[in-house]
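Note on naming: letters A, B, ... go to the chains in the order of the sequence lines (proteins, then strands), and numbering restarts at 1 for each one. Just so it is clear, the model here is predicted, and its values are computed rather than measured.
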2 protein chains.
Amino acid sequence: MSAPALYDPYRVCPSRQLLDRIGDRWTVLIIGTLEDGPLRFSQISRLIDGISQKMLTQTLRSLEADGLVVRTVYPEVPPHVEYELSALGRTLLEPLEILRAWAVDHMDEVATARAAALG
Amino acid sequence: MSAPALYDPYRVCPSRQLLDRIGDRWTVLIIGTLEDGPLRFSQISRLIDGISQKMLTQTLRSLEADGLVVRTVYPEVPPHVEYELSALGRTLLEPLEILRAWAVDHMDEVATARAAALG
DNA sequence: TAACTCGGTATCCTTTGGGAAGTAGGCACC
DNA sequence: GGTGCCTACTTCCCAAAGGATACCGAGTTA
């Protein structure tokens, strides 16, 4: 910890709040789906296994409030809403891609360790 | 990975489970504190603002089960337990450091957006 | 003998999250 | 003209996760 006293992620401060946000169960996955361009609500919902409509709405709303995602409503019937990453949101893609790559690379080791721990 | 059909983080599969684990509120912070070497339970507890004993115990236990952290008990009184990153756990440091750097670099922008959203 | 040490459990209670169902509102079909 | 369909939510209710607090064991110190 080359520890900045002002911006210490381990303490209550803006950067810690930001880590808490990213540490959200769905945030990483939602941002990942938006990597290749804007998607509609129902498309994101279909892409991510197990997310409820409620949590998708809720997470998208706070991503919008944080300026990471842009929400565009097309006044049509039936409703048409698109979500896409803002410039700021796109800066998150690389760190998350690295994390995703780590997960894919090492999941076998973790699965083995987990199985051994149960035995 | 050229086989997204098999190892798709957005679907139920080992890599998704792993992202869920990393996406845990405390995992990232705990691993970060262990960056510079082994720490005792109470040291980690003091370093991370707001973590309860229960969650620290619980998270450390599953990190141990996943082979990311090694738990060493010294049979002394009062109890002495040390936690340190395994080789596998240390491979997570770089991805997490990148994430932490992103959080520190961009928190001002997010704070601004959040304030604007409230106004 | 009482208090202090550390790394936890046990208990209770609040907060959060998920599933299912309801809402809006204009359009197509019968 | 009434019924049903479309999407993007919203609401309700219950289960699960999480936080606060109390308590523990056992040797060592006051």
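Residue B:Gln58 places its side chain closer to D:dG18 than to any other of D:dA8, C:dC6, D:dG18. With D:dC9, C:dG7, C:dG18 as the candidates, the nucleotide lying closest to the side chain of A:Trp26 is C:dG18.
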Inset, instruction - Would you give a per-nucleotide map of nucleotides 19-26 of chain C, 5' to 3', where B means the base has a protein non-hydrogen atom under 4.0 Å away, S means only the sugar-phosphate does, and - means neither? - result: B-B---BB
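Residue A:Arg61 has a polar side-chain atom (N or O) positioned under 4.0 Å from OP1 or OP2 of D:dC9. Note on B:Arg46: every side-chain N or O is 4.0 Å or more away from OP1 and OP2 of C:dG7. One finds no side-chain N or O of B:Arg40 lying less than 4.0 angstrom from the OP1 or OP2 phosphate oxygen of C:dC6. In terms of phosphate contacts, A:Arg25 brings a side-chain nitrogen or oxygen within less than 4.0 Å of OP1 or OP2 of C:dG18.
Closest of all the heavy-atom pairs between A:Leu88 and A:Asp66 is CD2-O, 4.1 Å.
Atom CG of A:Asp49 and atom C1' of C:dG18 are 15 Å apart (whole Å). Between the CG atom of B:Leu56 and the C1' atom of D:dG18 there is a distance of 14 Å, given to the nearest Å. What separates CE of A:Met55 from P of C:dT16 is a distance of 11 Å, to the nearest Å.
Terminal axes of the helix from C:dT1-D:dA30 to C:dC30-D:dG1 (five pairs each, C1' rotation axis) are separated by 20°, to the nearest 10°.
No engagement by B:Tyr74 is indicated, since no non-hydrogen atom pair under 4.0 Å with the nucleic acid exists. Within the nucleic acid shown, B:Ser42 comes within 4.0 Å of sugar-phosphate atoms alone, with no base atom in reach, counting heavy atoms only.
Between A:Arg46 and A:Ser42, the side chains place a donor N or O and an acceptor N or O closer than 3.5 Å (distance only, hydrogens not considered).
Atom CD of B:Glu64 is separated from atom OH of B:Tyr83 by 7.0 Å, given to the nearest 0.5 angstrom.
The pair A:Glu84-A:Arg90 does not meet the salt-bridge criterion, since no charged nitrogen lies less than 4.0 angstrom from a carboxylate oxygen.
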